[in-house]
Amino acid sequence: MSLDLWILCGYFVFMATIGFIFRKFTDTTSNYFRGGGNILWWMIGSTAFMTQFSAWTFTGAASKAYTDGLTIVAIFFGNAFAFFMNARWAAPKFRRLNVITMMEAVRIRYGKGNEQFFVWTSLPMGVLYAGVWLAGLAAFVSALTGINLTIAILGSGIVVVFIALVGGSWAVIASDFLQMLLLMAVSVVTAVYAYCYGGGMSNIIKNFPHKFITGDTLTFTSIFFLWVIAMFVKQFMNLNHLGESYRYLSAKDAHNAKKGAYLASFLMLVGPLIWFIPPWVTAGMYSNLSALYPTLGAKANDAAYLAFVQNAMPAGMAGLLMAALFAATMSSMDTGLNKNAGIFTRNVYLPLVRKYKENDKELVIVAKISTAVFGLFIILGAEFITGLKSISLFNAMQYISSLISLPILIPLLFGLAFKKVPKWAPIATVIVGGIISYIVPQINYDTLFNVTLTHREHADMIQLIGIFAHIFLTGGFFLLTSFFYKENADPAYDSIINNFFDIAHNKTLAHEKIKPVPIDNRQRRLLGTLAIVLGTGVILLILIPNPFIGRLAFLLTGGIVFAAGAALVAASKEKIAD
């Protein structure tokens, strides 16, 4: 077995250990699905950050960076803006709702009927997103090891499902934090290495074989700028609707939710500045990646990041990078699995089968079974997406988020700001949005605008037209339904609406800001100790025969993780007043 695979196996063992460590924290559904609402801001921020990207960032997005240069940064800066708006607007509201799953938040906003509608529309969406993430991870594994894509999907999926299954949300959030440390450490060291290898940013740009700002495949620059604006709008919408409340339901209080969102915004602002230097350097090194990665066929560009690591960095770094990419995808998938299992258990099984008669022991068992079942669906979804040879991972993700998810999230976003709409408005809005999403890709934009668009421009047009159509047409329809709302026509529904807005905007609630308690230091001590162990393991990779600069890369990577762990352990010794 190769050195890289040994490193990856060691990482698997470490991550599986986290699941076992936190398995005793899963005695209730509140603990299993949201950590009992006791998670501190630095863990909330890291899990919010980690769940917003995956191995897709280093495959599909890296492919975009390899061909089109700086363009890809727009999406991630859009994420940074969206998380900033989380902190300023949405995150505290979400935490004040004090529910276990996001669909319980939907119920207290729109009632039980709408809850069930969004349950059955959101579950397939979760599977689709996770399928794209897993497909990106499998592409990386296949490129590194040469094994068949299907086998890579199956093996990668089983590992991710195991971690989510055993440890619940405590393990998921804890692993997200540790994986964030490892990923950022590896990314920073790789970026610095690539920056030096490429001779500085000016030389990297000079050697980039395409237009660095926009890429070569543009005829109309205006389409690019409209696409950038559309990405900012889409990312704001994607991260600030009620369905995204799950990111902050685990927070200790509204104050920690807000601080966590600020942390995620900062990390998402810094991340793109380091993630895409390696594929930019790769573009100047290799004009055709198909020859290097024949197993990927038409999707060989998805290995642009890996190509630099394998061909320019020290022995063993590819295995550490693959561990980091597993970290990125695990953080997205295990959170997605935990979220879907929570929705099924609390919003399907509990109301429809148990008629709201709660038995936590039984519900935790149902949660674990549903985690395994959804894991199987995600593996099948990844296999399906991989089989779509005519669409890249980048465009697959963008089509899902621009056309499939936007109709669903419009009422979940607009409903946070606009109060008085009739009970039927959410479902009717999703139906209207679904029709718009069907029409947008069918339009011949060359004929409509009397132009000849490139393949890239056609894909960009579908995305940006879809986004703006949903804002103005789908969103406009939702607002128009307010004319059909009649005060006191349905007192029970009026009560639901008023109760939701009273809670969401009430800054005097008991869980707005909670004093430090012993479990806070327990989190710091446990996560700090695990980070020290992980950092030590990475530092020991300096024993691999490498030039001095190669050993230094491992020392710096492990040192960053170790230092963060030591700081947490030191902070855990702070005395908390009774």
Side-chain angles (χ1 to χ4, degrees), residues 2-4 7-8 53 55 57-73 76 139-140 143-145 182-213 215-216 270-293 296 300-325 327-328 538-539 541-561:
S2 71
L3 175 63
D4 292 326
I7 293 173
L8 185 61
F53 70 97
T57 301
F58 298 89
T59 52
S63 172
K64 183 76 169 176
Y66 173 80
T67 57
D68 296 328
L70 196 64
T71 301
I72 185 62
V73 172
F76 293 88
F140 212 98
L144 181 62
T145 63
L182 176 63
L183 181 71
M184 292 304 287
V186 171
S187 299
V188 167
V189 171
T190 303
V192 171
Y193 206 101
Y195 179 86
C196 296
Y197 188 91
M201 207 61 215
S202 60
N203 279 327
I204 293 173
I205 296 172
K206 180 181 177 181
N207 294 327
F208 192 77
H210 314 290
K211 293 178 181 177
F212 186 72
I213 303 296
D216 290 341
V270 172
L273 302 178
I274 60 176
W275 292 331
F276 300 117
I277 295 177
W280 292 335
V281 174
T282 299
M285 295 167 60
Y286 303 103
S287 60
N288 182 11
L289 292 178
S290 298
L292 285 178
Y293 303 103
L296 294 182
N301 286 355
D302 289 340
Y305 196 102
L306 177 63
F308 175 80
V309 176
Q310 279 192 312
N311 293 281
M313 296 197 72
M317 186 56 79
L320 191 60
L321 173 65
M322 191 157 67
L325 294 203
V538 175
I539 290 173
L541 296 178
I542 63 174
L543 299 176
I544 298 172
N546 267 311
F548 172 76
I549 189 67
R551 296 176 192 264
L552 181 62
F554 288 115
L555 180 63
L556 291 175
T557 302
I560 292 171
V561 178

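Hydrogens, waters and symmetry mates are skipped; everything else that's a heavy atom, side chains included, is used.
- The nearest pair of heavy atoms linking Ala553 to Pro314 is CB-CG, 4.4 Å.
- Here the closest non-hydrogen pair linking Ala65 and Ile72 is CB-CG2, 3.9 Å.
- When all heavy atoms of Thr190 and Met313 are compared, the closest pair comes out as CG2-SD, 3.6 Å.
- A pairwise comparison of heavy atoms in Val561 and Ala185 identifies CG2-CB, 4.0 Å as the closest pair.
- Contact detail for Ala307 and Leu289: the closest heavy-atom pair is CB-CD2, 4.0 Å.
- Leu182 places a side-chain heavy atom less than 4.5 Å from the side chain of Val538.
- Side-chain contact between Ile560 and Met184: absent, with no pair of heavy atoms (C-beta onward) separated by less than 4.5 Å.
- Interatomic distance, Phe276 CZ to Lys64 NZ, rounded to the nearest 0.5 Å: 11.5 Å.
- Annotation: the span from Ile549 atom CD1 to Tyr193 atom OH amounts to 6.0 Å, rounded to 0.5 Å.
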Quiz prompt | Working for side chain to side chain contact (heavy atoms under 4.5 Å, CB included), residues Leu556 and Val192 | solution = CA-CA 11 Å; Leu556 291 175; Val192 171; over 6 Å; no

Quiz item: Between Leu541 and Thr557, is a side chain to side chain contact (heavy atoms under 4.5 Å, CB included) present by the stated rule, with each step listed?
Solution: CA-CA 10 Å; Leu541 296 178; Thr557 302; over 6 Å; no

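- Atom NZ of Lys211 is separated from atom OG1 of Thr71 by 11.5 Å, given to the nearest 0.5 angstrom.
- The distance from the CE atom of Met285 to the OH atom of Tyr66 is 10.0 Å, given to the nearest 0.5 Å.
- Atom CZ of Phe212 sits in a crowded spot, with more than 12 heavy atoms from other residues, nucleotides or ligands closer than 6.0 Å.
- Here the OH-CG distance, from Tyr286 to Asn301, works out to 14.0 Å after rounding to the nearest 0.5 Å.
- A distance of 6.0 Å or more separates the ring centres of Tyr305 and Trp275.
- Of all heavy-atom pairs spanning Phe76 and Pro272, the tightest one is CB-CG, 3.1 Å.
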Exercise. Decide side chain to side chain contact (heavy atoms under 4.5 Å, CB included) for Phe308 and Ile277; before the verdict, give the C-alpha distance in whole Å, the side-chain angles of both, and the deciding distance to 0.1 Å.
Key: CA-CA 10 Å; Phe308 175 80; Ile277 295 177; over 6 Å; no

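- To the nearest 0.5 Å, atom CG of residue Asn546 and atom CG of residue Leu552 are 11.0 Å apart.
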Quiz prompt | Step-by-step side chain to side chain contact (heavy atoms under 4.5 Å, CB included) determination, Met201 to Trp280 | solution = CA-CA 10 Å; Met201 207 61 215; Trp280 292 335; 3.5 Å; yes

